Structure formats: C-alpha cells, structure tokens
Amino acid sequence: MESSKFPDSFAWGASTAAYQIEGGWDADGKGPNIWDTFTHQGGDRVYKNQTGDVACGSYTLWEEDLKCIKQLGLTHYRFSLSWSRLLPDGTTGFINQKGVDYYNKLIDGLLEMNVIPMVTLCHFDHPQAIEDQGGWLSEKTVEIFEQYARFCYATFGDRVKLWITINEPYFASKLSYEVGNFPPGKKEVGVGAYQAGHNMIKAHAKAWHVYNNCFKDKQKGRVSIALDSDWAEPLDADSLADQEATMRYMIFRLHWFANPIFIDGDYPAIMKSVISQKSKEEGLKTSRLPEFTAEEKAMIKGTADFFCLNYYTTRKVKPLDSTSSQPLGNSDVGAEGVTDPDWPLAGPEWLLVVPWGLRKLLAHVKDSFGDPEIFITENGFAQTDPPLLHDVQRWGYFQETLAEILKAITVDGVKLKGYFVWSLIDNFEWTLGYNVRFGLFHVDFEQPNLPRTPYFSAVEYAKVVKGN
Ligand code: NOJ
C-alpha cells in the first residue's frame, strides 16, 4: 500500500445524516419527522429510550463539524437535509426559511473550505405529516417527494452538484414497514417492504427526471440513490444449493433496487417469479410484489448518474430451512446469512469486519450494472461505549479496507471515484442510540457543548487523505 496511490481526483469524504446529528428537533419552525414521533413515544424501542432531540447539536454547532472536516482535509462531505426542517408538513405549501438558512450556511461554509457537498434528500426521516398520509406505503408520497426534490434543486442546486435522493431503500422499507423496529413501526410482513420500496423507486426516478429535465443543463450536477449491500458468498463453495441461495441473497438485497434503476426498469426476474409463486400458494390473486407498468419501467430505467454504495459487512449464505432463524422480514429470499467465527466484530453485533468483501462487491457492481462510476458513500467500524480514543484496532480495519479498494481500482479496473467514512462524528445510531460510535471524531454527549475530539483513526485518515 505504501507505494500505491489513489487516482488524483479521488473523493475523500465522510458522511452524516440529519436526524443522527442535528438535534434542534423543534427549533425555528421545524416540523416533526417520523423519528421524532417514534423516539418520543418511548417504549424501549431505542436503547435507553434515547432520542435525537439534541444529538450532536449540529443545528447550532455546525461550525464545529466544519472544523472536523477541515482537520481531516476532506475533499467531500455527505450530509442529509431534514425534509421537515425545510418543509414542516412535507409539502411546498409552507417553506421554513430558517431551515433554508441553516443549510445555506452549511453549504457555503463547505464551499469556502473547498469541500464538495454531497446531499441526501431523505435519510430515513420523512416528515410525520407525510407518514400520516400513508408514508412510503402511499403512492401519493411519490409526487410529494418529487416536489420536495424540485424545491431542493431550486434552492441549493446552484452550489450542490452531487445529489442522492433516498438513503438505503432496502432498510428504509424493510425496517419501517415490515420488521417494524424503525418508525412508523409497521409490521406488514411480506407486503409492506415491497410496497414501500416500489414507491421509493418511483419517487427516486421522478426526482431524477425533474433534475434531468429542469436543472441539469444549468446546474450541471448529478443525481443518484444510495444502495446498501452486504457481500455474500456460499457457505459451502461446492454446494449448488448454497450458490443459488447466495444469488438470491444478493438479488433480494441489492438487485431489488439496482436492477430497475440501472438495468431495465423492472425487478429481477427471480424476485418476480419467487414472490408470485409463493403468493399463489398463499391463495392470493396477485403477487405480493407490485408490478411496474410499461410506462413506469421506461421512466425508471437509467435514472442514476453514478452508483452510490454503502458497505459494512459480509455473510456466508445457505438455504433457509425450517431450523433457520427468519431472515430480516419475510422468508421469500429462501436464504440466510451466517458469519465466520474468524471475522472480528466492530461495534454492533451485525458488523463483522470483512474488508475483502468490499472489493468483491465492487467487482460485482461493476459486472452487474454496466461498469458505472461508483462512490462508496458509507463504510465504517464502530466501538460500543466506552470507546477508546486511541482506536488502533479500528484504524487497522480502515487500513485493510483502503488496501482492498485500491486493488479494486488498480487490479479489477473498478471505476471507483470516492470513499466516504461513516461517520464524521459519533451520533445517534438509530435504535442503538448513542451506545454505538461510528465517528472519526468522538462526541462527549455528557457535556452541554458536545465537544468533538479526534480519534486516532481521524488523525491517520487525515494522513491518507493528504497523501492520497
Ligand atoms: C447505514 C445508515 O445509512 C446510517 O444511517 C447508519 O448509521 C449506518 N448504516 C451504520 O449503521
């Protein structure tokens, strides 16, 4: 690694999301979002009933975040807009100017430091008012999201050139509408996630078209969606059943969303046939997986200007049998992932460290989706409380990962354009609260001024960024 360099224009970034860092949950006219409602209801669904009411205080302490970015020497910063801070009821009927001012300050502050903003429109936290009308289960949200996207391009697009419509539609649909551990806590098993995902794909595609038709010529930016995926390998490489299960695992995770957007406007054939067959066996007249019309397929196909990939971990996969624990949500995938005892754990129990999995996943994206330009928009390792500031082991994981992605570029020919660490600062890790720390900077949540202190990983990452 010492002798190799990343390409000159490589984007070095870190990522955050509004609800996880901003706090100021009802400041200056912000409307409530689904996480405000959910966390305020308590009920032990979040670690110690913690909330994002204050979080890292970035709504007021954003200049502290800029200092962290500067210390790292980043070229890019990915953050998300709080939809209900800008549009309290989710619609453009009322615009909260204070919310606009906040993001203007942040964007201008980044540009003054020569840092390129990459902006996500919705990172798990849509307005409660939208949820009250059905949220992502409702077709109406497609159009409302399109208007929201149009508003954001018109307001910030003179300065923002990299847009992500929706973060991780897989988890946003599964956890919110099928597993029910994310707000609004719906448990419509076998139906909810497909319906929500269906509307997210359409909303994304519409938002891409609005940009393409009305803003691209003038603003010259690009629009994509952030897709998350594990890498998966057969538990027994020689077992045909395990190989097929692995293929299904990847299809029901990554290809569910990537196939329509990057390939042909439609769901993968296997997904369609498996779900339709199972629906029939369940006595249903139509498949639980909704269908796109021909017009919708044409509208969805090709609606991403680059590929945004969030990667954390890998699984060994085998077919789901009666003794297996259920996979996330329904059992349509017919596959389950297991872990290798040799893989170290970094923070939460799901995060096994497998740096080579990312290299393989990158090659898979290259081969499956037309060799797109790729940004790794999230990757990271956590510590559970109490964290070590001198996180030598964690930096070791980053180093191994960077070595793997460098090979992806130089050996595998992947058009990898950037790498964003999750996350810039420790923050509210959804249902795991503040107990799981992904930051490059430690945040002392006990102190009223929420001081940020660099971990050893931050110091070392800054060196990599500097030396490319
Ligand atoms: C993905 C999500 O986008 C982000 O919000 C979350 O904190 C990280 N994964 C870590 O779990």
Side-chain angles (χ1 to χ4, degrees), residues 13-23 33-36 38-39 46-47 50-52 55-56 58 65 77-83 118-126 136 163-176 179 181-183 197 200 204 224-231 253-254 257 307-315 328 345-354 357-358 361 375-385 387 394 397-398 401 419-441 443 445 457:
S15 303
T16 58
Y19 187 76
Q20 294 179 273
I21 65 162
E22 285 179 2
N33 62 44
I34 55 168
W35 276 92
D36 293 318
F38 189 74
T39 55
V46 173
Y47 177 76
Q50 291 171 337
T51 74
C56 312
S58 294
D65 297 346
Y77 176 53
R78 174 181 175 221
F79 63 95
S80 81
L81 304 176
S82 163
W83 184 347
M118 178 186 263
V119 175
T120 309
L121 297 177
C122 188
H123 194 124
F124 297 167
D125 62 345
H126 58 272
W136 287 113
W163 294 99
I164 294 175
T165 55
I166 296 172
N167 180 66
E168 299 195 348
Y170 174 85
F171 281 118
S173 56
K174 276 263 169 182
L175 302 185
S176 291
V179 180
N181 62 333
F182 271 27
M200 287 179 198
H204 157 78
S224 187
I225 182 168
L227 302 182
D228 59 281
S229 189
D230 296 346
W231 173 242
R253 178 74 181 258
L254 179 64
F257 297 96
F307 202 108
C308 295
L309 183 67
N310 294 356
Y311 169 82
Y312 287 90
T313 189
T314 287
R315 291 288 182 270
L328 205 56
L345 192 67
E349 45 146 34
W350 57 267
L351 208 176
L352 285 304
V353 179
V354 193
L358 177 53
L361 180 60
F375 286 84
I376 297 165
T377 36
E378 284 184 32
N379 172 247
F381 309 97
Q383 300 185 81
T384 39
D385 254 358
R394 194 164 156 251
Y397 301 149
F398 278 113
T401 304
Y419 174 80
F420 290 62
V421 171
W422 183 270
S423 174
L424 180 68
I425 49 180
D426 287 342
N427 59 51
F428 179 78
E429 177 55 15
W430 308 114
T431 53
L432 303 177
Y434 299 97
N435 186 44
V436 170
R437 293 170 177 270
F438 272 98
L440 286 168
F441 283 76
V443 177
F445 295 106
S457 285

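Every number for a ligand or one of its atoms is a count from 1 in the order of the listing. Here the structure is a predicted model, which means the values were calculated and not measured. Only this structure's heavy atoms are used, side chains among them; waters, hydrogens and symmetry mates stay out.
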* F375 and F420 aromatic ring geometry - parallel, tilted or perpendicular at 30°/60° bounds ->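 Taking F375 first and then F420, their aromatic rings stand perpendicular (interplane angle over 60°).
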
* Asked: What class does the angle between the rings of W35 and F38 fall in, given that below 30° is parallel, 30 to 60° is tilted and above 60° is perpendicular?
  ->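 W35 vs F38 ring planes: perpendicular.
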
* Could you tell me whether W350 and ligand 1 have an N or O pair separated by under 3.5 Å? => no

* Can you sort out which atoms of ligand 1 are near E168, meaning under 4.0 Å from one of its heavy atoms? =>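 Once the distances to E168 are compared, the set is 1 (C), 2 (C), 3 (O).
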
* With a cut-off of 4.0 Å, which atoms of ligand 1 are near a heavy atom of H123? -> 2 (C), 3 (O), 4 (C), 5 (O)

* Identify the protein heavy atom lying closest to atom 7 (O) of ligand 1, giving its residue, its atom name and the separation to 0.1 Å. =>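 Checked against all protein heavy atoms, atom 7 (O) of ligand 1 sits closest to E429 OE1, 2.6 Å.
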
* To do: Return the residue, atom name and 0.1 Å-rounded distance of the protein heavy atom closest to atom 1 (C) of ligand 1.
  =>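 Of every protein heavy atom, E378 OE1, 2.9 Å lies nearest to atom 1 (C) of ligand 1.
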
Check: [X]/[Y] side-chain N/O donor and acceptor closer than 3.5 Å:
X	Y	result
Y419	N379	yes
N310	T377	yes
N181	T431	no
T16	Y77	yes

Region of [X] that comes within reach of ligand 1 [heavy atoms, distance under 4.0 Å]:
X	answer
W430	side chain
N167	side chain
F381	neither

* Proximity winner for atom 8 (C) of ligand 1, if only heavy atoms of F428, Y312, F438 are counted ->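 Nearest heavy atom to atom 8 (C) of ligand 1 lies in Y312.
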
* Asked: Ignoring hydrogens and geometry, is there a side-chain-to-backbone donor-acceptor pair from S176 to P183 under 3.5 Å?
  ->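 Pair found, side chain donor or acceptor close to backbone of P183.
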
